[in-house]
Amino acid sequence: MMRWVRRGVRGRGSETVFAGDAARIRHPHRRRAVGFALVMSTTPSTAEPKKVPMSQSSLTDHERDPLIKARREKLQRWRSDLGLQPYGRRVDGLVSLTEARALFDQNAHDRFGAAVEAAKDTPDQPVEDQRPRALVAGRCVQHRVMGKLVFMVLRDHSGDLQVSVSKSDLDPTSFKIASKLDYGDIVVAGGPVGMTKKGEICIWANRFEVHCKSLVPPPEKFHGLQDAELRYRQRYVDMYANPGTIETFQLRSKLVSQVRRFMDGRGYLEVETPMMQPIAGGAAARPFITHHNALGMELYLRIAPELYLKRLLVGGMPRVYEINRNFRNEGVDRSHNPEFTMMEVYEAFGDYDTMRELTESIIHELAQTCAQISRERAANDVPPGPDAPLILPFGEINIDYTRPFRVVTYGELFERAMGFDMFDREKTRAKAKQEHLENADRLDHWLLVSELFDRYGEAEIDPSKPTFVKDFPAAISPLTRPHEENPELSYRWELFIAGMELANSYTELNDPEVQLQKFTEQLAGADEEVQTFRALDEDFLHALRVGMPPAGGLGVGIDRIIMLMTNSTTIRDVILFPLMKSRAAEAGEPQGEG
RNA sequence: GAUCGCGUAGCUCAGUCGGUAGAGCAACCGCCUUUUAAGCGGUAGGUCCUGGGUUCGAGUCCCAGCGCGAUCACCA
């Protein structure tokens, strides 16, 4: 409801200033409904990707590139001269590189060394070799040829491992392949797990096969792929060139699974509600629009699942959650991607305190997992004492996830920042004028409070201490149940960490008459432009009339939690394929009509 | 959408005051059976993002465009 009004308040741009670098990341994924749909026709994109016709594909470019040309010619030679099939086939019995490394047995290695030494005098005797064997696959990321010895480092999802190839251990063809291997090729190697003279654990290969020839030269092996644009556009290269990337996404997957187990363990039912909606309700963001041909209807990518999840409470599901994508037609910055993952939770007969306990428990548990992983990586797997703080780094700051999180009311924070009570209408308006807020003389008191809070109140929150800010003004929380003692306040909180809004929760409004009244007020306040893309979700109101139990509701920005847990200060580093503007001329080809 | 910054070899980066385009890695050829970003000798590789302009002369200065980044707007 507030958006178009607040735009007026903000006027000529925000002068909001935040203390720390991390604190500058703000503007949460707002989850909340205003109760009716914002349906905005998106204008056709001017950035529509121009398709490069197949006949003009970048093949000719590849033929021009001498580095790619050299690789293709090598591929042809391997096929014709060596009879090789360089694109591989199924291989059973593979272990990961980390598993193979763990197989190393010092005693077996020492005994084998001694046996080799002894065998120098008796060359006819077979040398006893008790070293464990391993069969591995990986992408070649380092390659050193020393005449009749080849050392290479393979990389897979688990880590790196050296493979050492001696000409005396292999047939001539396999040795030739090993010595002529290119960076980026995917190979299978098998043999005893041993060690080099320099103490490097490796596989001494007696089996060596190329299973995929890479035609594209890799990034610089020492610095990896630095260019942010290339990292996001060609994530597959980033993933193997920068090991931290795959680690981040492995951790993301692990943490999201942990959230699901947590929710399941507490008896919440995971559900999936429509992502294509005839009315995009549940928040006030602009939707993306699409079209269903057979039904001849417009559809919107959802901006929130809220109105459908509440229908499930009406239907009788007592505890539901959904972890999935929302789509908002808005800008891109360090904490916003147009499609992002959110968890929404609804619990019948709960309230916003139920949700606060839930949120704190989840985040605390995830932080514990990450702290544990850090200790393991630091080879310092000592469990902390019972009172030890739970601290994880994020950019320049260290965030303390020790329970309980801080709780402060909106009003306290406002007064601390502004020096007067937020109920004081005269001082609020005077301050708003002093700050040159647009329309400061005629806007509603609570809109001015909200604007001043955004500008100064949030900066009062210590970014290193997760903080619940509770009891927002009811006027800026239209879907929340009003406070029983003071109807100007509402049962709503937001959780702030590192200057970002991580979660938002309400004690839900389930009185259909009050809800309708608020909807109507909001529609009446909408200007002409806004009314063109807003619609009332009559079916949702009908559901409330059927009857929804009192409930607590919660929205958690999953991407932002992952940012905190993986120490990623930009959301693009925790989204596998962040949205990038299309680059039609990337291949350097002329843009044909087809 | 606005402002600022960036765009040089496949990658990572230098390039001074406007005066013939540079390095490392990767590639190609040669040597090497314990290397660790291996080493040594040799060779090749450029639409300096694109298009205009100023100038005797532009990677460098100016204008426009494209892409990326940062800040802001948008996001109740």
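The shown structure was predicted, so the numbers you read here are calculated from the model rather than taken from an experiment.
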A.B. asks: Starting at CG of A/Leu230 and ending at C1' of B/G69, how long is that distance when rounded to a whole Å?
C.D. replies: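 That distance rounds to 13 Å.
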A.B. asks: Name the nucleic acid region contacted by A/Trp204, choosing base, sugar-phosphate or nothing; use a 4.0 angstrom heavy-atom cut-off, strictly under.
C.D. replies: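 Result for A/Trp204 = base.
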A.B. asks: Does a side-chain N or O of A/Lys581 approach OP1 or OP2 of B/C68 to a distance below 4.0 Å, or not?
C.D. replies: no
A.B. asks: Using heavy atoms to find the nearest nucleotide of RNA chain B for A/Lys197 and A/Leu225 separately, return the residue whose nucleotide is more 5′.
C.D. replies: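 Its nearest nucleotide lies further toward 5', so the answer is A/Leu225.
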A.B. asks: Would you say A/Arg334 reaches B/U71's phosphate, i.e. side-chain N/O to OP1/OP2 under 4.0 Å?
C.D. replies: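 For A/Arg334, the contact criterion (side-chain N or O under 4.0 Å from OP1 or OP2 of B/U71) is met.
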A.B. asks: If we take the P atom in both B/C17 and B/C61, what is their distance in whole Å?
C.D. replies: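 It works out to 10 Å between them.
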A.B. asks: For B/C28, take OP1 and OP2 only and decide whether either is under 4.0 Å from a side-chain N or O of A/Lys74.
C.D. replies: yes
A.B. asks: Do the side-chain N or O atoms of A/Arg572 get closer than 4.0 angstrom to the phosphate oxygens (OP1, OP2) of B/A70?
C.D. replies: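 For B/A70, OP1/OP2 do have a side-chain N/O of A/Arg572 under 4.0 Å.
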A.B. asks: Measure from CD on A/Gln226 to C1' on B/G7 and round the result to the nearest Å.
C.D. replies: 16 Å
A.B. asks: Quote, to the nearest angstrom, the P distance that separates B/U71 from B/C28.
C.D. replies: 42 Å
A.B. asks: Both A/Gln162 and A/Glu220 contact RNA chain B. Which one's nearest nucleotide lies toward the 5' end?
C.D. replies: A/Glu220
A.B. asks: Checking A/Arg235 against A/Phe577: charged group under 6.0 Å from the ring centre and within 45 degrees of the axis?
C.D. replies: no
A.B. asks: What is the distance from CD of A/Glu330 to C1' of B/C72, rounded to the nearest Å?
C.D. replies: 15 Å
A.B. asks: Does any N or O donor sit under 3.5 Å from an N or O acceptor when you compare the side chain of A/Ser164 with the base of B/U34?
C.D. replies: no
A.B. asks: I need the CG-P distance between A/Leu579 and B/C68, as an integer number of Å.
C.D. replies: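 It works out to 9 Å between those atoms.
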A.B. asks: Check A/Arg492 with A/Glu494, please: is the shortest side-chain N to carboxylate O separation under 4.0 Å?
C.D. replies: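 The answer is yes: the pair qualifies as a salt bridge.
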A.B. asks: Heavy atoms under 4.0 Å, any strand shown: does A/Val150 hit a base, just sugar-phosphate, or nothing?
C.D. replies: nothing
A.B. asks: Identify the heavy atoms of A/Thr248 and A/Asp573 that sit nearest to each other, and give their distance.
C.D. replies: CG2-O, 3.7 Å
A.B. asks: With a 4.0 Å cut-off, would you call A/Asp182 and A/Lys74 a salt bridge?
C.D. replies: yes
A.B. asks: How far does the C1' atom of B/G53 sit from the matching atom of B/A9, given to the nearest Å?
C.D. replies: 28 Å
A.B. asks: Can the ring centres of A/Phe414 and A/Phe453 be said to be less than 6.0 Å apart?
C.D. replies: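 That pair fails the under 6.0 Å test.
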A.B. asks: Could you tell me whether the side chain of A/Thr196 has a donor or acceptor atom within less than 3.5 Å of a complementary atom in the base of B/U36?
C.D. replies: yes
